[in-house]
Structures are given as C-alpha cells and as structure tokens.
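What follows is a set of notes on a single structure, which appears directly below.
A note on names: the letters A, B, ... follow the listed sequences, proteins ahead of strands, and every chain is numbered from 1.
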Amino acid sequence: MSERPYSHWLMKSEPDTFSIDDLRQRKREPWDGVRNYQARNFMRDGMRKGDKVFFYHSNCAEPGIAGIAEVASEAYPDPSQFDPKSKYFDSASSRDKPRWMLVDVKYVRKLKRVITLDELKNQPALADMALVRKGNRLSVMPVDAQDWNFILALE
DNA sequence: GCCAACGTTGGC
DNA sequence: GCCAACGTTGGC
C-alpha cells in the first residue's frame, strides 16, 4: 500500500474576489482560474475527494488562513478556459485536449480567527513551509500533515 | 536550448 | 501603488 505524499493543501484566494464567507454562502464552488502548471498538477494529480484545504486570503489587508474547506470532486477541465468571454479564456486550449483542470471545493468552517501570514512566518516550526518561503507565488500547494496540525493548534 | 522581455502574484 | 520574485513566451 503506497501512501500519497500529501492529503492536506492550501489554496489562495483574494477575498475581494472570493472569500471564505463567499464559500460559506455557496457551500461548494469550482476552483476556476488557476493558470499555473504546478498548481494545476497538484489539483489534477495530488488531490482526492475528502482532502482538507486551508482557505488562504491573499492580496488583502490581513493575509492569512481564514478557514477550512474540503476537496469535493476529482479533477476535471476548468470550463472557463473554453469561454471567450471569461478572463480565464485560453485560446490555446481545446475540449479535446484541455490544458487547465480544477476541483470543486466545499465549505467546512471558518477559523475562529484569521491565522495571519505574519504569525506563520514567526513560527520556527514552520520555517520550511512553502507558504512562508520568500517569493512563493503558488496559489495551490501541499501542506505537511505535521504543519497542518501545528497551525490548527495556533487557532 | 538560451535568455531577454514581458506579465503576474502578492506582500508591503 | 510599488516592486521583488518568478513563470511564460518567443526570437534567435
């Protein structure tokens, strides 16, 4: 029995566009618009239904982890890549050979408080976490189970 | 296959 | 709004 390397994830969203409160209202949402190959590969190859996700607010006044979500589907083609009116339209992609994949994500809960990026950066135990390393712009990344538990204990 | 130019992310 | 970091594109 081989074990997958990761079953916990972190996904970034700009709260002005789509926040944890938006997800709470909608309950479930296709995570569209990812246009980075590494992030796509994590969704396509790494994620399974039921995996837990930190919902991270980026590019905002208080960047940090705002809530928990869950992977709610296997990966499938991101419909926005086929829509010429979408800002995520990709003319180089086709329905035969779709370039971009996504998963559905469902709401689990908000954290009692936002665990800020600043706070995470100040935890020596998290020094190796991808999120806090300089210059990391990945919007979908794996989280060690150990780091996951450590972060939740900060709540 | 190299790498300069360009675009995007995201903290600040 | 600035700009560092980094990914992508395309000329050669």
Side-chain angles (χ1 to χ4, degrees), chain A residues 5-6 8-26 29-47 51-71 75-144 146-148 150-155:
Chain A
Y6 296 102
H8 298 79
W9 308 91
L10 181 143
M11 298 171 93
K12 297 179 182 174
S13 182
E14 302 192 12
D16 289 350
T17 306
F18 192 77
S19 71
I20 186 70
D21 287 320
D22 294 324
L23 184 62
R24 181 170 59 172
Q25 278 199 324
R26 304 178 61 130
E29 189 76 3
W31 201 268
D32 65 1
V34 170
R35 295 294 180 268
N36 170 284
Y37 289 105
Q38 217 181 334
R40 177 204 66 184
N41 293 349
F42 284 135
M43 289 197 289
R44 185 189 62 190
D45 308 329
M47 288 185 178
D51 283 359
K52 292 297 191 293
V53 177
F54 280 142
F55 193 110
Y56 178 91
H57 283 172
S58 68
N59 204 11
C60 58
E62 194 179 45
I65 297 167
I68 297 175
E70 187 179 306
V71 177
Y76 61 95
D78 180 342
S80 66
Q81 70 194 302
F82 308 125
D83 177 5
K85 292 194 288 289
S86 168
K87 68 170 178 170
Y88 301 125
F89 178 64
D90 183 350
S91 62
S93 185
S94 69
R95 291 181 189 274
D96 288 349
K97 296 182 77 176
R99 178 179 289 184
W100 305 110
M101 306 290 279
L102 55 67
V103 296
D104 289 351
V105 159
K106 75 178 182 191
Y107 177 80
V108 175
R109 69 178 178 91
K110 285 179 77 168
L111 297 189
K112 296 176 199 126
R113 64 184 186 88
V114 174
I115 299 176
T116 64
L117 177 62
D118 188 56
E119 185 176 353
L120 297 172
K121 280 180 169 170
N122 284 319
Q123 297 291 339
L126 300 177
D128 290 333
M129 195 188 175
L131 179 72
V132 305
R133 285 210 300 269
K134 194 175 179 180
N136 188 359
R137 305 178 313 166
L138 258 190
S139 64
V140 176
M141 68 181 77
V143 176
D144 286 334
Q146 199 178 331
D147 292 347
W148 176 277
F150 183 88
I151 291 166
L152 273 187
L154 298 173
E155 184 185 10

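Atom CG in A/L131 sits about 14 Å away from atom P in C/dC6, given to the nearest Å. Put simply, CG on A/N36 is 18 Å from P on C/dA5, counting in whole angstrom units. One atom, OH of A/Y37, and another, P of B/dT8, lie 15 Å apart when rounded to the nearest Å. Between A/N136 atom CG and C/dA4 atom C1' the separation is 14 Å, expressed in whole Å. In this structure, A/K12 atom NZ and B/dT8 atom P are separated by 17 Å, rounded to whole Å. Between the CG atom of A/D90 and the C1' atom of C/dT9 there is a distance of 13 Å, rounded to whole Å. A/L117 places its CG atom 6 Å from the P atom of B/dG11, with the value rounded to the nearest Å. For A/L138 and B/dT9, the CG to C1' distance is 11 Å, given to the nearest whole Å.
At a cut-off of 3.5 angstrom, counting only N and O atoms as typed in the model, there is no donor on one side facing an acceptor on the other between the side-chain of A/R35 and the base of B/dT8.
Taking the nucleotide of DNA chain C with the nearest heavy atom to each of A/G135 and A/N59, the more 5' of the two is matched to A/N59. Between A/R99 and A/K134, the residue anchored nearer the 5' end of DNA chain C, judged by the nucleotide with its closest heavy atom, is A/K134.
Ion pairing of A/R40 with A/D78 is absent here, as no side-chain N (NZ or NE/NH1/NH2) approaches a carboxylate O to less than 4.0 Å. Ion pairing between a basic and an acidic side chain is recognised when a charged N comes within 4.0 Å of a carboxylate O; A/D90 and A/R99 show such pairing.
Checked options A/M11, A/M43, A/K52, A/M47; the residue passing with A/V71 is A/M47 (criterion: side-chain contact (heavy atoms from CB on, under 4.5 Å)).
The aromatic ring centres of A/Y6 and A/W148 sit 6.0 Å or more apart.
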